[in-house]
Asker: 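Can you keep this structure in mind? I'll have questions shortly.
In what follows, every heavy atom counts, from backbone to side chain, and hydrogens, waters and symmetry copies are set aside.
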Amino acid sequence: MAVRTDIEIARAAEKWPIARIGAGLGIPETALIPYGRDKAKVDATFLASLTDRPMGKLILVTAVSPTPAGEGKTTTTVGLGDALAHIGKTTVICLREASLGPNFGMKGGAAGGGLSQVLPMEDINLHFTGDFHAITAAHNLLSAMIDNHLYWGNALGIDARRVVWRRVMDMNDRALREVVVGLGGASNGFARETGFDITVASEVMACLCLAEDLADLRERLGRIVVAYRRDKTAVTCRDIGADGAMVVLLKDALQPNLVQTIAHTPAFVHGGPFANIAHGCNSVVATKTALRLADYVVTEAGFGADLGAEKFFDIKCRKAGLRPAVAVIVATVRAMKMHGGVAREDLGREDVGAVRRGCANLGRHIANTRGFGVPVVVAINTFDADTPAEIAAIAEHAASLGVTAVPCRHWAEGGPGAADLAQKVVALCDAETRFAPLYPDEMGLLEKIETIAKRIYHAEGVIADKAVLAQLAAWEAAGHGQLPICMAKTQYSFSADPELRGAPTGHSIPLREVRLSAGAGFVVAICGEIMTMPGLPRHPAAEMIRLDAAGEIEGLF
């Protein structure tokens with residue numbers, strides 16, 4: 001019998017009316033703004049009424065360094081949420097929204113998999129409620145107003161060579177990384193070099209995901225540095241006068257999106273910054289809303305724990321005052337084999353030795369995560385081809401580090417397949433935690449970057465030229481030294497070399513560029529060859545995405 005695809009499983013699932021999902025959390029139907037029958041935004045007035053409620057337990061799902069074999073972090077997040085509901089706990093899942101670029105590029109769908117999915121899968125992976133379109137429009141409105149200001153006399157004295165605000169689109173398009181605008185004569189403005197980033201790398205996205213409410217959002221947008229004058233003083237979005245109109249475009253986008261899993265567990269899917277080039281977490285508004293509505297909230301941070309979890313702890317938790325109760329690190333036999341040196345085409349053969357070698361990667365993520373003072377459990381996302389000896393090798397390695405590893409079958413069985421994991425998580429939630437970020441606010445910017453490189457990536461140090469060091473010093477002098485760091489680095493390795501798997505040591509982190517995100521409230525450190533506008537692979541997923549004869553979508557995995 002053929003195995004059903006994720007989209008076939010999702011399409012066959014029964015979806016409850018979204019009002020029924022909301023009612024289960026105590027959200028009145030009048031507080032829901034429906035987008036069809038199966039998704040809705042939660043009204044801002046209702047959100048404001050929750051501020052005095054106590055918060056539940058926050059559970060982070062992260063993972064080993066990703067491999068082409070796949071780890072299933074989102075699937076495990078959904079499976080764990082369903083499992084907690086299955087054992088009788090009031091639970092909400094918090095995920096990021098999917099970007100169109102990766103959906104049509106390498107990944108395909110991004111709503112979980114098997115029986116551990118959020119619904120409606122097709123909508124979530126495509127236009128959903130239009131949040132990304134609103135963010136793209138708000139970002140590019142600011143871009144247009146900057147060039148318009150230059151055209152109409154440049155009263156702010158902007159140095160056109162030092163406009164740092166780029167444009168964005170929610171698609172992978174390498175041809176737009178570096179462009180020239182304003183060609184075609186005087187009526188089209190002044191020619192200058194610029195470029196495009198993907199929408200999920202936009203500072204507007206980060207501002208929306210870190211904002212507490214509309215007033216906070218406007219304040220953050222106003223602080224965005226868009227350009228510099230000849231004397232190198234900063235020009236902000238507020239100086240340009242765009243912050244008010246941008247908030248108007250983002251008014252609805254700031255309200256979290258309520259959907260459901262196949263098992264009808266409530267889920268907020270809201271915001272979507274990448275973890276390799278942005279801070280990689282869903283919105284603060286969605287997380288805090290969930291914490292005030294449920295006893296347990298399961299959220300994820302993008303890619304491996306060296307990127308997503310570090311930024312979750314050092315940026316999101318620091319900025320929003322959140323205290324995680326437990327971290328779940330997802331691992332698979334297949335990923336451990338790849339980190340142990342096995343080629344992708346050979347993953348089907350039992351190789352306990354390779355699993356043990358690859359567990360060095362898992363072990364480093366465990367040690368790093370525990371270093372934040374958060375209890376850790378490992379979720380072994382199992383596949384039918386995994387052998388008992390290979391699964392046992394992962395469990396033994398985790399046990400040698402004082403951590404329990406729990407085999408899970410949530411892809412095939414839904415929540416019941418992760419019930420043992422849920423029980424372990426509940427037990428750990430009762431343990432005392434001593435959560436603390438990796439570094440203090442008052443540490444210098446370069447020292448913060450070096451601290452992440454040495455303690456999280458286990459690098460010997462950071463390599464940066466004089467211009468980068470001078471820029472960091474200038475930002476400190478301008479009062480930005482207290483900001484945390486958002487590392488932009490390949491997700492595939494602890495190093496800046498995506499081919500260097502496992503747990504490498506002896507490497508250095510090349511710091512290519514730094515960008516100030518004064519509105520979001522962090523400094524982006526761009527390392528190695530990472531791009532803020534990805535490209536499509538030789539055979540993008542878009543080649544397989546189409547409508548069938550019945551008008552239904554195929555190819556979204």
Asker: Report yes if the side chains of Cys237 and Trp165 come closer than 4.5 Å at any heavy-atom pair, otherwise no.
Answerer: no
Asker: Are side-chain N/O atoms of Lys316 and Thr287 paired as donor and acceptor at under 3.5 Å?
Answerer: yes
Asker: Quick one about Thr505 and His458 (side-chain donor to acceptor, distance below 3.5 Å, no hydrogens or angles considered), yes or no?
Answerer: no
Asker: Treating Lys424 as the side-chain partner and Val377 as the backbone partner, does any N or O pair qualify as donor plus acceptor under 3.5 Å?
Answerer: no
Asker: So, do Val226 and Thr236 sit near enough that their side-chain heavy atoms are less than 4.5 Å apart?
Answerer: no
Asker: Step by step, work out the salt bridge (Lys or Arg N to Asp or Glu O under 4.0 Å) result for Glu203 and Arg515.
Answerer: CA-CA 10 Å; Glu203 187 176 352; Arg515 298 182 184 179; over 6 Å; no
Asker: Please answer whether the main-chain N or O of Ala496 pairs with a side-chain N or O of Ser493 as donor and acceptor at a distance below 3.5 Å.
Answerer: no
Asker: Any luck finding a side-chain donor-acceptor pair between His410 and Ser116 under 3.5 Å?
Answerer: no
Asker: Between Leu60 and Phe313, is a side chain to side chain contact (heavy atoms under 4.5 Å, CB included) present by the stated rule, with each step listed?
Answerer: CA-CA 10 Å; Leu60 173 69; Phe313 296 140; 3.8 Å; yes
Asker: Could you grab the distance from atom CG of Asn276 to atom CG of Leu307, nearest 0.5 Å is fine?
Answerer: 6.5 Å
Asker: Take Lys337 and Asp351 through the salt bridge (Lys or Arg N to Asp or Glu O under 4.0 Å) test and state the conclusion after the steps.
Answerer: CA-CA 7 Å; Lys337 286 180 182 177; Asp351 193 334; over 6 Å; no
Asker: Counting distance only, does the side-chain N/O of His139 pair as donor-acceptor with the main-chain N or O of Arg166 below 3.5 Å?
Answerer: yes
Asker: Just wondering, do Val118 and Val78 contact through their side chains at under 4.5 Å, heavy atoms?
Answerer: yes
Asker: State, with a plain yes or no, whether a side-chain heavy atom of Cys94 is found less than 4.5 Å away from one of Phe268.
Answerer: yes
Asker: With a 4.5 Å cut-off on side-chain heavy atoms, are Pro324 and Phe312 touching?
Answerer: yes
Asker: For Arg512, is there an ion pair with Glu529 - N to carboxylate O distance below 4.0 angstrom?
Answerer: no
Asker: I'd like to know if the side chain of Gln423 reaches the main chain of Asp420, judged simply by a donor and an acceptor atom lying under 3.5 Å from each other, with no hydrogens or angles considered.
Answerer: no
Asker: Can you measure from CD1 (Ile452) to CD1 (Ile509) and round to the nearest 0.5 angstrom?
Answerer: 10.5 Å
Asker: Do Glu447 and Tyr439 pass the side chain to side chain contact (heavy atoms under 4.5 Å, CB included) test, and can you show the C-alpha distance, the side-chain angles, and the key distance before you say yes or no?
Answerer: CA-CA 9 Å; Glu447 191 178 355; Tyr439 49 80; over 6 Å; no
Asker: Give the minimum heavy-atom separation between Ser495 and Asp497, together with the two atoms involved.
Answerer: OG-N, 3.0 Å
Asker: To the nearest 0.5 Å, what is the distance between OG1 on Thr194 and CD on Glu178?
Answerer: 8.0 Å
Asker: Could you pull out the closest heavy-atom pair between Lys454 and Gly461, with the gap in Å?
Answerer: CE-CA, 4.1 Å
Asker: Which heavy atom in Ala278 sits nearest to a heavy atom in Pro273, and how many Å separate them?
Answerer: CB-CB, 3.7 Å
Asker: Around Glu543, counting heavy atoms of other residues, nucleotides and ligands shown, do more than 12 lie under 6.0 Å from its CD?
Answerer: yes
Asker: Walk me through whether Ser65 and Asn361 qualify under side-chain hydrogen bond (donor to acceptor under 3.5 Å, both in side chains).
Answerer: CA-CA 7 Å; Ser65 302; Asn361 183 273; 3.1 Å; yes
Asker: To the nearest 0.5 angstrom, please state how far the CZ atom of Arg357 sits from the CE atom of Met336.
Answerer: 12.5 Å
Asker: Tell me, do Val378 and Val406 make a side-chain contact under 4.5 Å, heavy atoms counted?
Answerer: no
Asker: Looking at every non-hydrogen atom in both residues, tell me the closest pair between Tyr296 and Cys429 and how far apart they are.
Answerer: CE2-SG, 3.9 Å
Asker: Checking the side chain of Glu71 only, and the main-chain atoms of Thr67 only, is there a donor and an acceptor separated by less than 3.5 Å?
Answerer: yes
Asker: Give the C-alpha distance, both sets of side-chain angles, the deciding distance and a yes or no for side chain to side chain contact (heavy atoms under 4.5 Å, CB included) between Ile526 and Val524.
Answerer: CA-CA 6 Å; Ile526 300 177; Val524 180; 3.9 Å; yes
Asker: Report yes if the side chains of Ile198 and Val168 come closer than 4.5 Å at any heavy-atom pair, otherwise no.
Answerer: no
Asker: Is the number of heavy atoms from other residues, nucleotides or ligands under 6.0 Å of Asp384 CG greater than 12?
Answerer: no
Asker: Closer than 3.5 angstrom, by distance alone: can the side chain of Asn282 be matched with the main-chain N or O of Val269 as a donor-acceptor pair?
Answerer: no
Asker: Could you pull out all donor-acceptor pairs under 3.5 Å where a side-chain atom in residues 472-487 meets a protein atom, sequence neighbours excluded?
Answerer:
unit_1, atom_1, unit_2, atom_2, d
Trp475, NE1, Tyr228, OH, 3.3
Glu476, OE2, Leu445, N, 2.7

Asker: Please assess Arg501 against Glu499 for the test salt bridge (Lys or Arg N to Asp or Glu O under 4.0 Å), listing each intermediate value before the final yes or no.
Answerer: CA-CA 6 Å; Arg501 295 199 173 99; Glu499 301 301 320; 5.0 Å; no
Asker: Can you confirm whether Cys207 sits close enough to Ile224 that some side-chain heavy atom of one is under 4.5 Å from a side-chain heavy atom of the other?
Answerer: yes
Asker: Look at atom CZ of Arg177 and say whether more than 12 heavy atoms of other residues, nucleotides or ligands are closer to it than 6.0 Å.
Answerer: yes
Asker: Once you measure the plane-to-plane angle for Phe372 and Phe435, does it fall in the parallel (<30°), tilted (30-60°) or perpendicular (>60°) bin?
Answerer: parallel
Asker: Side-chain donor-acceptor pair under 3.5 Å between Thr199 and Asp170, yes or no?
Answerer: no
Asker: Whether the side chain of Thr75 engages the backbone of Gly113 through a donor-acceptor N/O pair (distance < 3.5 Å, no angle test) should be reported.
Answerer: yes
Asker: Please confirm whether the backbone N or O of Ala227 pairs with a side-chain atom of Arg162, one donor and one acceptor, at under 3.5 Å?
Answerer: no
Asker: Could you give me the CA-CA distance, side-chain angles and deciding distance for Glu97 and Asp131, then say whether side chain to side chain contact (heavy atoms under 4.5 Å, CB included) is met?
Answerer: CA-CA 9 Å; Glu97 298 177 51; Asp131 293 344; 2.7 Å; yes
Asker: Can you tell me how far CZ of Arg370 sits from CD1 of Ile329, rounded to the nearest 0.5 angstrom?
Answerer: 9.5 Å
Asker: Taking all heavy atoms of Thr433 and all of Pro375, pick out the closest pair and write down the distance.
Answerer: CG2-CD, 3.4 Å
Asker: Would you check if the side chain of Thr62 reaches a backbone N or O of Ala305 as a donor-acceptor pair within less than 3.5 Å?
Answerer: yes
Asker: Please give me the minimum heavy-atom distance between Ala98 and Phe132, naming the atom from each residue.
Answerer: O-CE2, 3.5 Å
Asker: For the atom pair CE (Met169) and CG (Leu100), what is the distance rounded to the nearest 0.5 Å?
Answerer: 9.5 Å
Asker: For Asp306, run the side chain to side chain contact (heavy atoms under 4.5 Å, CB included) check against Gln491, Arg364, Lys489 and tell me which one passes.
Answerer: Lys489
Asker: Might you confirm whether atom CZ of Phe196 has over 12 heavy atoms from other residues, nucleotides or ligands at distances under 6.0 Å?
Answerer: yes
Asker: Between Thr332 and Ala335, is there a donor-acceptor pair closer than 3.5 Å when you use the side chain of the first and the backbone of the second?
Answerer: yes
Asker: side-chain hydrogen bond (donor to acceptor under 3.5 Å, both in side chains), that's the test. Do Glu460 and Ser508 meet it? Break it down for me.
Answerer: CA-CA 5 Å; Glu460 291 188 347; Ser508 296; 4.8 Å; no
